[in-house]
Amino acid sequence: MIRHFPRKHLTALTLLCATVTALALVPGREQVAAENAQPDSRRVVIDLPATPAPQSSTTVLPLASAQRVQPSATTTGIDVVTTDLPSPAKPAEPSAFDSTAKTNQLEPVEPVEPVEPVEPWQTLTVKSGDSMSALFQRAGLSSAELFRITSADSKRRLYSIKPGQQIRVLARDSRVEKLEYLQTDLKTYVFDATGDSVTVDLVERVPDIRLAHATGVIKGSLFYAGKDAGLSERQTMNLANIFGHVINFVYDLRAGDYFHVVYEEQFLEGKKIGEGRIVAAEFTNSGERFSAYRYQDSEGYFGYYDEKGTSMRKAFLLAPLNYSRISSNFKLARKHPVLGKIRAHKGTDYAAPTGTPIYASGDGRVSFSGTKGGYGKTVIVKHAGGVETRYAHMSRIAASSGKRVRQGQVIGYVGATGLATGPHLHYEFILNGAHRNPRTVLAKLPKAKSLPSSEMARFGDAIATKVALIEGLRQTQLAQLERAN
Ligand SMILES: [Zn+2]
């Protein structure tokens, strides 16, 4: 694989591989230490030199004074109004042309120190069953005060506090002056009640982003491999979703398949607070290698593309279900993978718990929605290019006839209606009137969208570091395998 690279790249790559290897072998890095017990997995935190991580910092975004709130705000319910942040007030500098300034130099003004409030802040941790009024009672504050504070926030965020969250209150003479609602590690709502009216601001902290990576080998299931590699279930799901258009994780996974993944981790003051996105991944399935790089195009849209700039998204999903709900199905393909038997029948069966969401596998229009004999509750979708997809045995239908559906939209839920021995999705793929195996026909369908050639130079630059990282992981794994043999 290296031979494809020009010599210059090769040198850079060798260096990088060496670095990655070295990093991977450095003991004492806590994550490595934690993972060393597992022979075919490793995970280290790498600071990516090309994109220096920003220091933890805070940004104050003015919020929710009634006039500023845009009703069309995001689904997260956070009304972030982007404004130019005022530059912090600078201390008055004596001017060379100012005579009074010169005299001032003789008697330097003491720098103003922030005055510690006389009344201490009270920190209240939300316990299970707590409400704000319980917290206010605990803090010795009246319900009138609670009303004064909460009525300032049209989103009523203080009514949806959750156990473990913290509320900090500063009160003087039983009157609340400030209240901070620490919703997450990154988001704090600050209620300022010093004036006549109460204002609410969102203070956001920007975490450090570090890149972590993992390599996993499939033995039993994707989920076990992900776990062995130190990935969370969510991150394993993300991995499955990225490759969900090219690999059928229910049917086509094989022992010995392996993956490399580079993903973001969020740190705040040195403490890991969460996971970020997968930025690069490679999955080798039955000897065939698929790569995916996250890229934001010049119009601002994100997507995953292979090295040639071909989108990982295809016209149809391979398995039209939410994988997270069928994690027990992430098993190696067996002789009878699902219901004990693969009948000579015109579809693919996916066993999954009743209620598992079923997705439209491609964009289209619902041509049938209702009960259809042995199929039970069924949805049929017509797509462009003479394709029809059928979803049967649903417990509940969530798409009505004649309606447009988008790929990935939930159209119903797994059930056992009609002739079914247990809850499963029976999925059919029909091309020009003939039943086809959706697992093999997709390769013959029109190719996925590629980035336009005008985008390719930018794309190449954007993914170069990640391509090298993945290559480094691949080399490390090869070296390991060679050592093992
Ligand atoms: Zn079936």
Side-chain angles (χ1 to χ4, degrees), residues 35 37-43 212-265 275-294 304 306 312-314 316-339 342 348-353 356-359 361 408 414 423-425 427 438-440 442 470 473-474 476-477 480-481:
E35 301 299 327
Q38 292 146 351
D40 48 4
S41 70
R42 58 183 61 242
R43 194 170 63 124
H213 66 78
T215 288
V217 180
I218 310 296
K219 290 177 206 150
S221 79
L222 179 60
F223 270 79
Y224 286 126
K227 210 173 161 201
D228 282 350
L231 296 179
S232 67
E233 274 199 16
R234 207 184 112 237
Q235 209 62 292
T236 304
M237 272 305 307
N238 292 340
L239 186 68
N241 285 333
I242 290 170
F243 293 103
H245 291 251
V246 290
I247 301 167
N248 186 323
F249 286 103
V250 176
Y251 279 104
D252 296 341
L253 212 55
R254 296 287 177 273
D257 282 359
Y258 58 91
F259 61 82
H260 305 298
V261 53
V262 179
Y263 59 99
E264 294 174 344
E265 285 184 329
E275 288 179 330
R277 302 181 179 95
I278 291 175
V279 296
E282 185 171 273
F283 206 108
T284 301
N285 174 229
S286 297
E288 192 177 357
R289 184 192 298 154
F290 301 94
S291 312
Y293 297 94
R294 189 169 190 276
Y304 287 93
D306 69 9
M312 295 306 289
R313 289 189 75 86
K314 312 282 183 214
F316 294 94
L317 292 170
L318 280 174
L321 287 96
N322 183 340
Y323 278 127
S324 68
R325 295 292 301 274
I326 51 171
S327 53
S328 60
N329 268 23
F330 275 80
K331 299 260 165 63
L332 295 175
R334 286 158 291 160
K335 209 179 215 169
H336 306 303
V338 178
L339 290 174
I342 301 180
T348 308
D349 290 334
Y350 293 96
T356 301
I358 298 168
Y359 301 143
S361 63
V414 169
H424 74 287
L425 166 68
Y427 175 56
R439 294 163 52 213
T440 53
L442 294 178
I470 291 285
L473 293 173
R474 204 187 288 147
T476 306
Q477 194 200 14
Q480 258 192 320
L481 288 175

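Keep in mind that what you see is a predicted model, and the values were worked out from it rather than measured.
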Could you go through the side chain to side chain contact (heavy atoms under 4.5 Å, CB included) check for Glu288 and Val246 one step at a time? CA-CA 11 Å; Glu288 192 177 357; Val246 290; over 6 Å; no

Take Tyr293 and Ile470 through the side chain to side chain contact (heavy atoms under 4.5 Å, CB included) test and state the conclusion after the steps. CA-CA 10 Å; Tyr293 297 94; Ile470 291 285; 3.9 Å; yes

Test log, rule side chain to side chain contact (heavy atoms under 4.5 Å, CB included), inputs Leu318 and Asp252: CA-CA 10 Å; Leu318 280 174; Asp252 296 341; 5.6 Å; no

Give the C-alpha distance, both sets of side-chain angles, the deciding distance and a yes or no for side chain to side chain contact (heavy atoms under 4.5 Å, CB included) between His245 and Met312. CA-CA 7 Å; His245 291 251; Met312 295 306 289; 5.8 Å; no

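Summarising the geometry, atom NE2 belonging to His424 is positioned 12.5 Å from atom OG1 belonging to Thr356; distances are rounded to the nearest 0.5 Å. In this structure, CZ in Phe223 is found 10.5 Å from CG in Leu231, a value given to the nearest 0.5 Å. Between His260 atom NE2 and Thr476 atom OG1 the span is 8.5 Å, to the nearest 0.5 Å. Separation of atoms CG (Leu222) and CZ (Phe259) is listed at 6.0 Å; rounding is to 0.5 Å. Note that the CG atom of Asp228 and the NZ atom of Lys219 stand 5.5 Å from one another [nearest 0.5 Å].
Side chains of Pro320 and Leu425 form a contact here, defined as non-hydrogen atoms less than 4.5 Å apart. Arg254 is not listed as a side-chain neighbour of Ile218, based on a closest heavy-atom distance of 4.5 Å or more. Side-chain atoms of Arg289 and Arg474, non-hydrogen and from C-beta on, do get closer than 4.5 Å to each other. Residues Arg294 and Ile242 fail the side-chain proximity criterion, which asks for heavy atoms closer than 4.5 Å. Counting only heavy atoms from C-beta outward, the side chains of Leu481 and Tyr258 never approach each other to under 4.5 Å. Ile358 is not listed as a side-chain neighbour of Tyr427, based on a closest heavy-atom distance of 4.5 Å or more.
Side chain of Asp306 to main chain of Ser291: no donor-acceptor pair is present (N/O by atom type, distance under 3.5 Å, no hydrogens or angles).
In plain terms, the two heavy atoms of Ile278 and Ala281 that are nearest each other are CG2-CB, 4.0 Å. The two atoms that bring Tyr359 and Leu317 nearest to each other are CB-CD1, 4.0 Å, heavy atoms only.
Below 30°, between 30° and 60°, or above 60°: for Phe283 and Phe249 the angle between ring planes is above 60°, a perpendicular geometry.
Residues that satisfy the side chain to side chain donor-acceptor pair (under 3.5 Å) test with Tyr304, not counting sequence neighbours, are absent from this structure. Gln235 pairs by the side chain to side chain donor-acceptor pair (under 3.5 Å) definition with Asn238, not counting sequence neighbours.
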